[in-house]
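To start, the structure itself, in structure tokens.
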Protein chains: 2
Amino acid sequence: MAATIKDVARRARVSIASVSRTLNNSSSVTPGVRERVLRAASRLHYTPHAAARSLISRRTHTIGLLLPDIHGEYFSELIRGVDRAARARGLHLLVSSTHGNNAEAADALRSMNGRVDGLLMMSPYIGGASLEDALPSGLPTVLMNTHEPAGIGAAFVVDDFGGARAMTAHLVAAGYEDIAHIRGPGNDFQSLERVRGYRAGLGAGGVARVIDGDFTEESGYLAGRTLAASDTPPQAVFAANDTMAIGCLFALTEAGVRVPHDIALAGFDDIPIARFVSPPLTTVRVDVAEMGRRALESLVVAIADPDAAGRSSIETVPVELVVRTSCGADSGHRTRCKEARE
Amino acid sequence: MAATIKDVARRARVSIASVSRTLNNSSSVTPGVRERVLRAASRLHYTPHAAARSLISRRTHTIGLLLPDIHGEYFSELIRGVDRAARARGLHLLVSSTHGNNAEAADALRSMNGRVDGLLMMSPYIGGASLEDALPSGLPTVLMNTHEPAGIGAAFVVDDFGGARAMTAHLVAAGYEDIAHIRGPGNDFQSLERVRGYRAGLGAGGVARVIDGDFTEESGYLAGRTLAASDTPPQAVFAANDTMAIGCLFALTEAGVRVPHDIALAGFDDIPIARFVSPPLTTVRVDVAEMGRRALESLVVAIADPDAAGRSSIETVPVELVVRTSCGADSGHRTRCKEARE
DNA sequence: AGACTCTCTGAAAACGTTTACTTGGCGCCG
DNA sequence: CGGCGCCAAGTAAACGTTTTCAGAGAGTCT
């Protein structure tokens with residue numbers, strides 16, 4: 001149906017090689033030929049066939065983005081960051097989400113062979129088959145938020161430990177003594193790091209109180225209800241992500257517990273909603289879009305320089321404590337409006 | 001680097017044809033051959049090269065998703081809906097965002113030739129080059145939220161007109177007489193439809209009061225400030241999307257105007273945040289994820305049946321009025337908590 | 001026992017490009 | 001005036017698959 005290079009060549013009365021050369025201006029062609037080719041190409045609405053082109057040139061100008069799930073603002077932000085960087089470099093984005101386990105990820109990964117020039121992968125799962133041997137060999141890869149030794153390529157990991165420790169320390173400094181932590185799923189690397197940071201932040205004297213969650217609002221809600229009904233409710237709650245913090249907030253509000261007056265609350269991620277709940281949520285800001293951008297740039301250099309570049313480097317993405325009113329250590333209304341407007 | 005079908009054939013001591021047949025179980029092969037091929041393939045970590053495969057088979061198992069911008073929750077939801085449907089059918093997703101104009105979209109579109117089996121496109125822009133002739137001819141396409149006559153293929157459009165009319169009528173019924181509308185950009189089809197719905201909802205007696213905006217929170221904020229400072233502030237404000245409504249809400253709050261007591265407020269889209277602002281925002285719910293799913297399904301049938309199926313059908317995606325407290329016509333707190341938990 | 005049919009396997013063409021190599025024409029220099 | 005190089009254009013190979021076609025071998029029927 002669609003016109004091929006042969007059709008253009010025939011119409012322009014030249015060889016297909018000349019058409020290719022003209023269109024890629026790889027080598028000089030006579031103005032006359034050039035003119036005819038261009039005219040014929042536009043007449044026929046010719047567009048090169050990407051598959052054929054990448055078969056021979058071994059370049060797809062596409063990079064694969066493998067995510068655990070596309071749900072929620074966290075990933076939306078990440079996609080956005082990656083997309084902007086990719087489009088600035090003329091690259092396409094093949095997005096794939098793997099609901100859950102590594103086996104599924106390995107599958108998705110396999111089917112990307114010959115489809116992408118490189119891979120951007122976020123795989124916080126622990127256990128199960130390692131992804132390393134599922135990777136089409138030689139495919140440049142950049143990992144995000146993974147525990148795997150970065151034998152595969154460069155990696156970017158959010159400073160989950162540091163952020164959680166800083167937040168916990170902040171709560172301790174604010175005078176809270178009994179600080180509960182709603183953790184994420186046990187097979188998630190980031191979740192574990194945050195628990196570790198929480199314990200570190202408590203310090204030697206502190207006693208840890210960890211409640212299970214799974215990063216969903218529902219689990220935060222349940223945890224909040226449990227805590228509110230407890231004989232010994234904590235003075236503060238630090239949820240491993242904002243989504244759970246918000247679920248918890250609703251459970252507490254529903255139970256008549258005032259935040260932060262009765263129980264202080266803090267989250268992690270600084271998703272856009274965090275500013276808008278009431279009271280505004282104290283949290284740890286993670287610039288995921290920026291992480292996406294950096295990861296893509298890193299991938300681009302890895303692709304350009306197959307094996308020499310940044311092999312096995314792990315880079316930590318810094319985080320930032322964002323103190324709002326939900327933790328009770330803030331001046332209140334003004335900050336909220338200012339932030340909301342930024 | 002990576003193993004090819006030839007390597008597998010050599011190792012299994014069979015022809016490449018047998019390897020291909022075994023791997024696609026297209027035709028019966030002897031158990032012995034099958035066994036050898038499978039063993040060789042797994043030994044070599046063989047993965048078929050997607051480009052080569054799609055060059056000959058004319059199937060990429062990938063569909064292109066072209067969006068105006070990936071920013072915000074609206075698109076995040078859409079991507080999610082499409083992704084789920086796609087992965088259920090074993091399809092990949094090539095995502096591309098076109099910041100702005102149709103020319104850029106045409107460009108992105110052209111480069112998808114040979115990369116995708118079909119196209120899912122959301123292009124609300126009006127004016128500029130039509131996309132129709134930029135389309136690689138014969139590529140099945142499904143449009144979303146577009147004004148273009150769907151000569152290209154099937155189309156799904158949100159009932160912007162109906163939603164805006166219903167919302168305006170609701171405000172009128174609630175007793176407001178002076179209802180302002182913060183509109184979206186002038187080159188956006190949905191924006192225009194919503195203005196049209198607003199006017200229709202006002203009815204014969206109503207007098208329209210339209211303020212310019214561009215769908216961003218910033219523009220909503222500015223509009224809100226203007227309105228608050230006006231000599232004759234309106235009794236109600238209907239913003240063309242939630243993002244602007246939230247911007248407006250902050251401007252009003254900042255100016256000391258109480259919502260809904262002094263001025264009622266309503267938005268459009270029901271983005272997740274809408275439930276969490278205070279007061280919770282009355283809005284029009286659009287199930288974008290569902291629209292994405294339906295659009296993809298429709299595209300799948302169009303791909304399966306090249307030209308017979310649903311050519312030029314336009315389907316309207318229904319919307320739903322969601323009354324919360326910001327419009328002053330609700331019972332208040334209970335609804336909020338209930339909704340937030342759902 | 002010979003021919004016919006059926007099944008499995010291999011050889012080779014095709015998909016639409018890019019690119020190394022070849023050819024031919026022309027200008028320049030000796 | 002003839003050979004030498006240079007440049008533009010064409011020819012063909014290659015990329016890694018799928019698929020058509022043909023051939024070989026075995027089994028069956030007459």
Side-chain angles (χ1 to χ4, degrees), chain A residues 1-38 40-41 44-61 110-117 136-139, chain B residues 1-37 40-41 44-62 110-117 136-139:
Chain A
M1 187 77 247
T4 76
I5 197 173
K6 279 184 197 159
D7 301 321
V8 178
R10 195 175 318 127
R11 194 176 224 275
R13 308 207 158 282
V14 296
S15 71
I16 59 170
S18 292
V19 176
S20 176
R21 277 190 282 257
T22 302
L23 265 28
N24 301 311
N25 33 11
S26 60
S27 149
S28 57
V29 294
T30 295
V33 171
R34 176 182 189 76
E35 165 82 6
R36 291 213 306 280
V37 168
L38 257 30
L44 296 171
H45 282 85
Y46 170 69
T47 315
H49 194 277
R53 189 196 281 244
S54 56
L55 176 59
I56 181 83
S57 67
R58 322 197 76 27
R59 266 283 187 285
T60 62
H61 295 288
R110 223 182 302 278
S111 71
M112 286 207 175
N113 187 17
R115 235 182 258 279
V116 299
D117 291 338
S137 68
L139 189 65
Chain B
M1 187 78 247
T4 78
I5 197 173
K6 279 184 197 159
D7 300 321
V8 177
R10 196 176 318 128
R11 194 176 223 276
R13 308 208 155 282
V14 296
S15 72
I16 60 170
S18 292
V19 176
S20 177
R21 276 191 282 257
T22 302
L23 265 28
N24 301 312
N25 33 10
S26 58
S27 148
S28 57
V29 294
T30 295
V33 170
R34 178 181 188 74
E35 164 84 7
R36 291 213 306 282
V37 168
L44 296 171
H45 282 84
Y46 171 68
T47 316
H49 194 278
R53 188 196 282 243
S54 57
L55 175 58
I56 183 82
S57 67
R58 315 190 88 25
R59 267 283 186 286
T60 63
H61 295 286
T62 302
R110 222 183 303 277
S111 70
M112 285 206 175
N113 186 17
R115 237 182 258 278
V116 299
D117 292 337
S137 68
L139 189 65

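Please read all numbers here as calculations on a predicted model, not as lab measurements. Letters go in sequence order (proteins before strands), and every chain restarts at 1.
Note that the two end axes of the helix from C:dA1-D:dT30 to C:dG30-D:dC1 enclose an angle of 60°, each drawn from 5 base pairs, rounded to 10 degrees.
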Please determine whether side-chain contact (heavy atoms from CB on, under 4.5 Å) holds for the pair A:Arg115 and A:Thr60, giving the CA-CA distance in whole Å, both sets of side-chain angles, and the decisive distance to 0.1 Å. CA-CA 6 Å; A:Arg115 235 182 258 279; A:Thr60 62; 5.8 Å; no

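Within the model, atoms CD1 of A:Ile5 and CZ of A:Arg10 stand 12.0 Å from one another, a figure rounded to the nearest 0.5 Å. A distance of 14.0 Å separates OG of B:Ser18 from CZ of B:Arg13, quoted to the nearest 0.5 Å. Rounding to the nearest 0.5 angstrom, the gap separating the CZ atom in B:Arg53 from the CG atom in A:Leu55 is 13.0 Å. The NZ atom of B:Lys6 sits 12.5 Å away from the OG atom of B:Ser15 when rounded to the nearest 0.5 Å.
Nucleotide D:dT18 holds its C1' atom 14 Å from the CG atom of B:Asn25, rounded to whole Å.
With respect to B:Tyr46, the side chain to side chain contact (heavy atoms under 4.5 Å, CB included) criterion is satisfied by exactly one of B:Val37, B:Val8, B:Asp7: B:Val8.
Judged by distance alone, the side chain of B:Arg36 and the main-chain N or O of B:Ala12 form a donor-acceptor pair under 3.5 Å. Of the possible polar contacts, none joining the B:Ser20 side chain to the B:Ile16 backbone as a donor-acceptor pair under 3.5 Å is found.
Smallest separation of non-hydrogen atoms from B:Asp117 and B:Arg58: OD1-O, 4.3 Å.
The shortest side-chain heavy-atom distance between A:Thr22 and A:Leu38 falls under the 4.5 Å cut-off.
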Starting at the 5' end of nucleotides 22-28 of chain C, put B wherever the base has a protein heavy atom under 4.0 Å, S where only the sugar-phosphate does, and a dash everywhere else. -------

Just by protein heavy atoms under 4.0 Å, how would nucleotides 8-16 of chain C read 5' to 3' in B, S and -? SBBB--BBB

